[in-house]
Amino acid sequence: MKVWEKMHKLFILVILFTILFCKPKVKKGIDDPIWREESNKIASEICNYMEKCSATTIEKLPDYMQKQVKEEISTPNCIEKNKKSNIYNLRVNDPESAKTAFRECFKYLKTLSCEEMVNAGISKNDFCNTITLLQENK
């Protein structure tokens, strides 16, 4: 019985240690207020366009899903997600390349029709693919 108690305590200590000290390390970002303002402006325009373009697609969803999807892609929610992103916080290896890719992806997105946007037109652009990879990289 004493062996079990010791193992039980050890097990609890290992779990606590793991929870407290083994959190994934988030890359430290660069504090660049000018970039953050520009990034927010770009993200706001992208969010507005995506919200507008998805309106007809959302109407085709079942009623119980429409509210949740509208909320998820709403402009305010989208902008909040941007503020937590790697690009906004410049948690990337090469900040200047990331800024350029974000700007160029935005220029490309402005050329897409709503139909192209909904049909994954974003994946056809190298700059947008770079941004996707940077955003996914923790």
Side-chain angles (χ1 to χ4, degrees):
M1 187 78 159
K2 289 188 178 195
V3 172
W4 170 247
E5 287 176 15
K6 287 181 181 179
M7 291 201 40
H8 183 66
K9 287 178 183 177
L10 180 63
F11 182 72
I12 290 172
L13 285 173
V14 169
I15 289 175
L16 283 174
F17 178 82
T18 303
I19 291 170
L20 295 175
F21 300 108
C22 294
K23 294 178 184 175
K25 293 185 180 183
V26 176
K27 285 182 186 174
K28 190 170 184 171
I30 298 172
D31 187 20
D32 184 344
I34 294 169
W35 167 248
R36 287 182 177 182
E37 185 177 324
E38 180 184 353
S39 173
N40 262 342
K41 184 178 179 183
I42 291 171
S44 178
E45 289 187 46
I46 292 171
C47 295
N48 284 328
Y49 188 56
M50 287 174 52
E51 190 173 17
K52 182 188 107 189
C53 286
S54 62
T56 55
T57 304
I58 290 173
E59 290 173 0
K60 296 174 185 174
L61 295 173
D63 292 341
Y64 68 92
M65 291 178 72
Q66 286 183 16
K67 182 180 178 186
Q68 182 179 357
V69 173
K70 282 180 185 177
E71 186 176 307
E72 183 68 26
I73 65 165
S74 70
T75 299
N77 193 18
C78 180
I79 292 169
E80 279 307 306
K81 286 181 181 179
N82 179 59
K83 288 180 180 179
K84 297 174 185 172
S85 74
N86 290 334
I87 297 295
Y88 176 85
N89 292 296
L90 294 174
R91 288 188 303 257
V92 295
N93 292 332
D94 185 352
E96 291 308 313
S97 293
K99 290 177 186 180
T100 299
F102 196 60
R103 291 175 185 128
E104 293 300 319
C105 178
F106 174 58
K107 286 179 189 175
Y108 171 72
L109 291 175
K110 291 192 312 187
T111 68
L112 297 178
S113 68
C114 283
E115 185 177 327
E116 291 168 323
M117 175 82 81
V118 171
N119 292 323
I122 191 170
S123 64
K124 296 176 183 171
N125 180 275
D126 289 338
F127 290 113
C128 295
N129 289 330
T130 298
I131 295 301
T132 301
L133 290 173
L134 290 172
Q135 298 293 49
E136 291 173 352
N137 196 4
K138 301 282 185 219

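- Put simply, CD on Q135 and NZ on K84 are 13.5 Å apart, with the number rounded to the nearest 0.5 Å.
- Remark: E104 CD to D126 CG distance equals 11.5 Å, nearest 0.5 Å.
- Remark: the backbone N or O of N82 is paired with a side-chain donor or acceptor of S85 at under 3.5 angstrom.
- In terms of heavy-atom proximity, Q66 sits nearest to I58 at CG-O, 3.3 Å.
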Worked check of side chain to side chain contact (heavy atoms under 4.5 Å, CB included) between K124 and Y108: CA-CA 10 Å; K124 296 176 183 171; Y108 171 72; 3.8 Å; yes
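- Atom CD of E115 sits in a sparse spot, with 12 or fewer heavy atoms from other residues, nucleotides or ligands closer than 6.0 Å.
- Looking at residues two or more places apart in sequence or on another chain, you find no salt bridge (charged side-chain N to carboxylate O under 4.0 Å, His left out) involving D63.
- Minimum heavy-atom separation, C128 to N125: N-OD1, 2.9 Å.
- Contact between A98 and V92 at its shortest, heavy atoms only, is CB-CG2, 3.8 Å.
- Panel note: side chain N89, backbone R91; no donor-acceptor pair is recorded below 3.5 Å.
- Contacts of E116 classified as salt bridge (charged side-chain N to carboxylate O under 4.0 Å, His left out), with partners at least two apart in sequence or in another chain: none.
- K99 is listed as a side-chain neighbour of D32, based on a closest heavy-atom distance under 4.5 Å.
- In this structure, CD in E80 is found 10.0 Å from OG in S74, a value given to the nearest 0.5 Å.
- Taking CD1 from I46 and SG from C53, the interatomic distance works out to 12.0 Å, rounded to the nearest 0.5 Å.
- Between R103 and E38 there is a salt bridge, since a side-chain N of the basic residue sits under 4.0 Å from a carboxylate O of the acidic one.
- No side-chain heavy atom of L133 sits under 4.5 Å from any side-chain heavy atom of T130.
- Cluster membership for F127 and I42, using ILVMFWY side-chain heavy atoms within less than 4.5 angstrom, is not shared.
- To the nearest 0.5 Å, the span separating SG on C47 from NZ on K52 amounts to 14.0 Å.
- Of all non-hydrogen atoms in C114 and Y49, the two that sit nearest each other are N-OH, 3.3 Å.
- Within a 6.0 Å radius of CG in N77, other residues, nucleotides and ligands contribute more than 12 heavy atoms.
- With hydrogens and angles disregarded, no donor-acceptor distance shorter than 3.5 Å links the side chain of S39 to the backbone of R36.
- For the pair I87/W35, a side-chain contact is recorded, criterion being any heavy-atom separation below 4.5 Å from C-beta on.
- To the nearest 0.5 angstrom, Y88 atom OH is 10.5 Å from I79 atom CD1.
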